[in-house]
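Inspection log for the structure reproduced underneath, given as structure tokens.
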There are 2 protein chains.
Amino acid sequence: MRRKTRPRFKPSNKDLSPADAAVRKGGYELKGRIWIEGTSGTFLGYGRVVLLERIAEFGSISKAAKSMGMSYRHAWELVDSINRQARRPLIETSVGGKKGGGTKLTEAGREAVEGFWNIYEKFKRFLNKEGASLQF
Amino acid sequence: MRRKTRPRFKPSNKDLSPADAAVRKGGYELKGRIWIEGTSGTFLGYGRVVLLERIAEFGSISKAAKSMGMSYRHAWELVDSINRQARRPLIETSVGGKKGGGTKLTEAGREAVEGFWNIYEKFKRFLNKEGASLQF
DNA sequence: AACCGTTATTCCCGAATGTATATAACTATA
DNA sequence: TATAGTTATATACATTCGGGAATAACGGTT
């Protein structure tokens, strides 16, 4: 008896595609994930890219995390992991200041987000095409 | 400081592709997984299909599990999960008898294995194609 | 100098997996 | 009837993952 796994984060204000792309056919679904791996594990995946988008939107790691139902601790670790693996940093953080600080994407960060979505869209089309012929 | 995750099973006698298909390009790899989901979670994925192949090869869940470095308990749970979600059973088990019992694939089971590998091969080609244009 | 909101960091905890281990149940064969 | 090798099942344990909470550091602004 296995309980349904809890979603990794709550979709909040935006209509969010699921982290697992899926295609249903007669009771079965072809699902899948893709991600880009760097020198030390995952570099960019669905959740990380959504996080980057939220950071760009809110200008803050903590607000981005909260908007996804993700702990700040986890979000920070993801940001750190991304920046440590990127050739050029994708995220710029600043501490202190009038508003306490903030975080924004670099140009490379915006390009990375766009690049990932491009591949992800093709992946969804792949699942769509191949999932149509499931018979078990 | 995160330790490299241990491989889910040891490749033993056969040359086994990794569970995560991957394509390298300039330090980054496009990796991914696909699986077929049924009424209650995963129905068939890479590891499950390899397990089915091993069962067909050895005629026993316990030997198949051992050959993959997987606990019998886990292998049994996977087999049970597969059969509970399949329209027609993919695996036939027998208890007792001269050799204590055994397990073999049904015709539907062999077809499922082949069907999954077909899609998986296409998926690897997809990763190969899309992974060639990674730039970050 | 005090304030304030955010980043940066640490420790503790619970959920989810999967291994290890032990044991019962089964049944053709000798 | 006893044997043997496998399936079937439960309990205990280790590991991993991420949330929660607490705290320090930071630095414009007032």
Side-chain angles (χ1 to χ4, degrees), chain A residues 1-10 19 33 35 40-42 45-48 50-52 54-84 89-105, chain B residues 1-10 19 35 40-42 45-48 50-52 54-84 89 91-105:
Chain A
M1 154 174 354
R2 178 163 296 132
R3 182 160 50 238
K4 239 182 166 38
T5 59
R6 170 179 38 171
R8 206 167 294 271
F9 51 79
K10 315 163 190 164
R33 294 185 173 199
W35 64 92
S40 57
T42 300
Y46 183 91
R48 289 169 184 239
V50 171
L51 177 63
L52 292 189
R54 297 293 176 96
I55 286 173
E57 179 179 359
F58 296 108
S60 138
I61 296 179
S62 59
K63 284 178 185 150
K66 180 168 295 187
S67 83
M68 298 169 69
M70 176 188 291
S71 68
Y72 172 80
R73 175 185 165 277
H74 186 41
W76 184 87
E77 284 178 347
L78 294 180
V79 166
D80 186 55
S81 165
I82 292 171
N83 263 355
R84 276 188 290 104
L90 307 190
I91 305 123
E92 265 178 2
T93 64
S94 65
V95 181
K98 67 173 176 182
K99 292 163 62 182
T103 303
K104 58 181 185 175
L105 295 196
Chain B
M1 149 177 357
R2 180 162 293 132
R3 183 160 49 240
K4 238 182 165 37
T5 59
R6 170 180 36 170
R8 207 165 292 270
F9 50 79
K10 314 161 189 162
W35 65 92
S40 57
T42 301
Y46 183 90
R48 288 170 184 237
V50 172
L51 177 62
L52 292 188
R54 296 294 176 94
I55 286 173
E57 180 180 357
F58 296 109
S60 136
I61 295 178
S62 59
K63 284 177 184 150
K66 179 169 294 184
S67 83
M68 298 169 69
M70 176 188 291
S71 67
Y72 172 79
R73 175 181 168 281
H74 186 43
W76 185 87
E77 284 179 346
L78 294 180
V79 166
D80 185 54
S81 164
I82 292 171
N83 263 353
R84 277 187 289 103
I91 305 124
E92 265 178 2
T93 65
S94 64
V95 182
K98 69 173 177 184
K99 293 163 63 183
T103 303
K104 58 181 185 175
L105 294 195

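Protein chains get the first letters and strands the later ones, always in sequence-line order, with residue 1 at the start of each.
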**Message:** I need the A:Lys66 NZ to A:Arg54 CZ distance, nearest 0.5 Å.
**Reply:** 14.0 Å

**Prompt:** Rounded to the nearest 0.5 Å, how far does NZ of B:Lys63 lie from OH of B:Tyr72?
**Reply:** 13.0 Å

**Request:** May I ask you to evaluate whether B:Ser62 reaches the phosphate of D:dT7, defined as a side-chain N or O under 4.0 Å from OP1 or OP2?
**Result:** yes

Set out, line by line, the N/O atom pairs under 3.5 Å between protein and nucleotides 9-14 of chain C.
| unit_1 | atom_1 | unit_2 | atom_2 | d |
| --- | --- | --- | --- | --- |
| C:dC11 | N4 | A:Arg73 | NE | 3.3 |

**Fill in**
Looking only at D:dA8, C:dT19, D:dG19, the nucleotide nearest the B:Met70 side chain is C:dT19

**Fill in**
A:Ile91 atom CD1 is separated from C:dT6 atom C1', nearest whole Å, by 16 Å

**Request:** Verify the contact: side-chain N or O of B:Ser94 to OP1 or OP2 of D:dT6, cut-off strictly under 4.0 Å; return yes or no.
**Result:** no

**Flag side-chain contact, heavy atom, 4.5 Å: A:Glu92 against A:Asn83** = no

**Request:** Could I get the full list of side chain to side chain contact (heavy atoms under 4.5 Å, CB included) partners for B:Thr103, not counting sequence neighbours?
**Result:** B:Ile55, B:Ile61, B:Ile91, B:Thr93

**Prompt:** Would you call A:Leu52 and A:Ile82 a side-chain contact if the rule is heavy atoms closer than 4.5 Å?
**Reply:** yes

**Asked** Rounded to the nearest 0.5 Å, how far does OG1 of B:Thr42 lie from CG of B:Leu78?
**Response** 9.5 Å

**Request:** Send over the distance from B:Phe58 CZ to D:dG5 P, rounded to a whole Å.
**Result:** 17 Å

**Asked** For B:Ser60 and D:dG5, is the shortest distance between a side-chain N/O and OP1 or OP2 below 4.0 Å?
**Response** no

**Request:** Let me know the distance between CD of A:Glu92 and C1' of C:dT6, rounded to the nearest Å.
**Result:** 16 Å

**Request:** Provide, to the nearest angstrom, the distance between the NZ atom belonging to A:Lys66 and the P atom belonging to C:dT7.
**Result:** 12 Å

**Asked** How many angstroms lie between atom OG of B:Ser94 and atom NZ of B:Lys99, to the nearest 0.5 angstrom?
**Response** 9.5 Å

**Prompt:** How far does CD of A:Glu57 sit from OG of A:Ser67, to the nearest 0.5 angstrom?
**Reply:** 6.5 Å

**Complete:** To the nearest angstrom, the CD1-C1' distance between B:Ile61 and D:dT9 comes to 13 Å

**Complete:** Rounded to whole Å, CG of B:Asn83 lies from P of D:dT7 at a distance of 13 Å

**Complete:** Per-nucleotide protein contact along nucleotides 25-30 of chain D, 5' to 3', at a 4.0 Å heavy-atom cut-off (B base, S sugar-phosphate only, - neither), is -BBBS-

**Request:** Whole angstrom is fine here: how far is it from CZ in A:Arg48 over to C1' in D:dC17?
**Result:** 13 Å

**Request:** Establish, with yes or no, whether the OP1 or OP2 oxygen of C:dT6 is under 4.0 angstrom from a side-chain nitrogen or oxygen of A:Thr103.
**Result:** no

**Fill in**
To the nearest angstrom, the CG-C1' distance between B:Leu51 and D:dT7 comes to 14 Å

**Asked** What's the spacing between B:His74 NE2 and B:Glu77 CD if we round to 0.5 Å?
**Response** 7.5 Å

